[in-house]
Amino acid sequence: MRPVFLIGFMGSGKSTLGHALAKATGLRFIDLDTYIESRCNATVREVFATCGENGFRDIERRLLHEVSRMQDTIVACGGGTPCFFDNMDTMNASGLTVYLQASHRKLHSRLLESRDKRPLISAMTDRQLLDYITATLDSRAAHYIKAGATFCADRLDDRRQIDESVKRFINQFMPEFTDTINKNK
Ligand code: S3P
């Protein structure tokens with residue numbers, strides 16, 4: 001099976017949903033940020049600090065090409081992955097891309113909780129973060145909507161919501177796994 005790429009803004013739930021989908025289907029899960037970290041032997045924050053954002057984007061592109069060749073894999077991309085180089089074309093040519101769309105309010109509340117881990121927003125105040133989401137989402141949407149499909153990712157905040165979202169995602173985009181998840185219930 002060709003890879004499934006989850007794309008969307010920081011905090012849209014790519015890693016949460018990707019991990020849960022992999023668990024439900026038995027497919028491999030790759031979080032592109034974690035993959036970068038293990039290959040660079042450094043955190044994303046450290047890669048940004050030593051190589052700058054441009055250096056990070058070069059590495060991200062190179063490793064995206066690597067994971068695009070993997071079969072039976074769910075890939076959670078970074079929020080910026082689809083917005084640089086021809087990354088969106090690479091993903092669309094290699095597998096299924098799904099845009100996890102979440103409301104500004106949802107993104108804001110999730111990012112307030114995880115701001116410290118994310119180098120692009122760690123120094124922002126609550127208000128600055130909201131303005132950043134609004135402005136950046138506007139410019140990034142042009143890339144995100146090139147995805148093959150869109151999925152509402154507002155409901156991923158507890159176990160029950162995640163399970164429901166996994167079921168909905170599989171029924172919509174991976175019908176070959178519908179029996180597998182029903183059997184595992
Ligand atoms: C980024 C999002 C991050 C990570 C890096 C840059 C972005 O990934 O790749 O900090 O440009 O939006 P998440 O979306 O998984 O937080």
Side-chain angles (χ1 to χ4, degrees), residues 3-22 28-68 73-91 97-126 128-147 150-154 156-157 162 165 169:
V4 175
F5 298 95
L6 304 180
I7 67 162
F9 205 75
M10 279 182 279
S12 58
K14 305 174 294 284
S15 305
T16 303
L17 182 64
H19 191 266
L21 281 171
R28 168 172 41 196
F29 173 61
I30 289 190
D31 183 303
L32 190 58
D33 283 337
T34 310
Y35 195 72
I36 293 169
E37 290 182 335
S38 68
R39 292 294 289 277
C40 294
N41 231 329
T43 63
V44 167
R45 178 188 277 282
E46 287 163 351
V47 178
F48 264 75
T50 48
C51 311
E53 181 171 355
N54 289 345
F56 174 81
R57 297 301 173 192
D58 285 337
I59 297 166
E60 179 178 54
R61 175 174 185 269
R62 185 161 48 79
L63 295 182
L64 176 67
H65 275 258
E66 215 173 281
V67 302
S68 295
T73 304
I74 301 197
V75 183
C77 296
T81 313
C83 313
F84 292 85
F85 309 110
D86 54 355
N87 291 351
M88 204 59 219
D89 295 335
T90 301
M91 291 189 275
T97 51
V98 182
Y99 170 32
L100 304 194
Q101 191 169 40
S103 65
H104 288 53
R105 239 181 83 188
K106 209 33 129 184
L107 294 172
H108 190 234
S109 72
R110 288 179 190 160
L111 289 175
L112 282 176
E113 283 172 26
S114 59
R115 182 169 34 189
D116 295 348
K117 287 190 291 189
R118 296 180 150 97
L120 289 176
I121 58 169
S122 54
M124 291 181 188
T125 63
D126 294 9
Q128 284 169 333
L129 180 58
L130 188 58
D131 292 343
Y132 175 81
I133 292 168
T134 307
T136 314
L137 198 50
D138 266 4
S139 63
R140 287 189 168 182
H143 302 277
Y144 293 155
I145 59 164
K146 288 192 202 150
T150 299
F151 182 78
C152 173
D154 272 343
L156 285 171
D157 296 324
I162 294 170
S165 292
F169 189 100

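Every heavy atom of this structure was used, including side-chain atoms; hydrogens, water molecules and symmetry mates were not. Position 1 is the first residue of the sequence; numbering continues from there. Numbering of ligands and ligand atoms starts at 1, following listing order.
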Going by distance alone, is a donor N or O of one side chain under 3.5 Å from an acceptor N or O of the other, for Asn87 and Thr81? no
Which pairs of nitrogen or oxygen atoms, taken one from ligand 1 and one from the protein, are under 3.5 angstrom apart?
residue: ligand 1; atom: 8 (O); partner: Asp33; partner atom: OD2; Å: 2.8
residue: ligand 1; atom: 9 (O); partner: Asp33; partner atom: OD1; Å: 2.7
residue: ligand 1; atom: 9 (O); partner: Asp33; partner atom: OD2; Å: 3.2
residue: ligand 1; atom: 11 (O); partner: Arg57; partner atom: NH2; Å: 2.6
residue: ligand 1; atom: 11 (O); partner: Arg140; partner atom: NH2; Å: 2.8
residue: ligand 1; atom: 12 (O); partner: Gly80; partner atom: N; Å: 3.4
residue: ligand 1; atom: 12 (O); partner: Arg140; partner atom: NH1; Å: 2.7
residue: ligand 1; atom: 14 (O); partner: Lys14; partner atom: NZ; Å: 2.8
residue: ligand 1; atom: 14 (O); partner: Gly79; partner atom: N; Å: 2.8
residue: ligand 1; atom: 15 (O); partner: Asp33; partner atom: OD2; Å: 3.2
residue: ligand 1; atom: 16 (O); partner: Arg118; partner atom: NE; Å: 2.9
residue: ligand 1; atom: 16 (O); partner: Arg118; partner atom: NH2; Å: 3.2

Working to the nearest 0.5 Å, report the span between CG of Leu64 and OH of Tyr35. 10.5 Å
Say whether Arg118 and Ser114, considering side chains only, have a donor N or O and an acceptor N or O under 3.5 Å apart. yes
Separation of Leu6 CG from Leu32 CG (nearest 0.5 Å): 11.5 Å
Please examine the side chains of Tyr99 and Ser12, heavy atoms only from C-beta on, and report whether any two atoms are closer than 4.5 Å. no
Say you draw a straight line from CG of Leu111 to CD1 of Ile121; how long is it, rounded to the nearest 0.5 Å? 4.5 Å
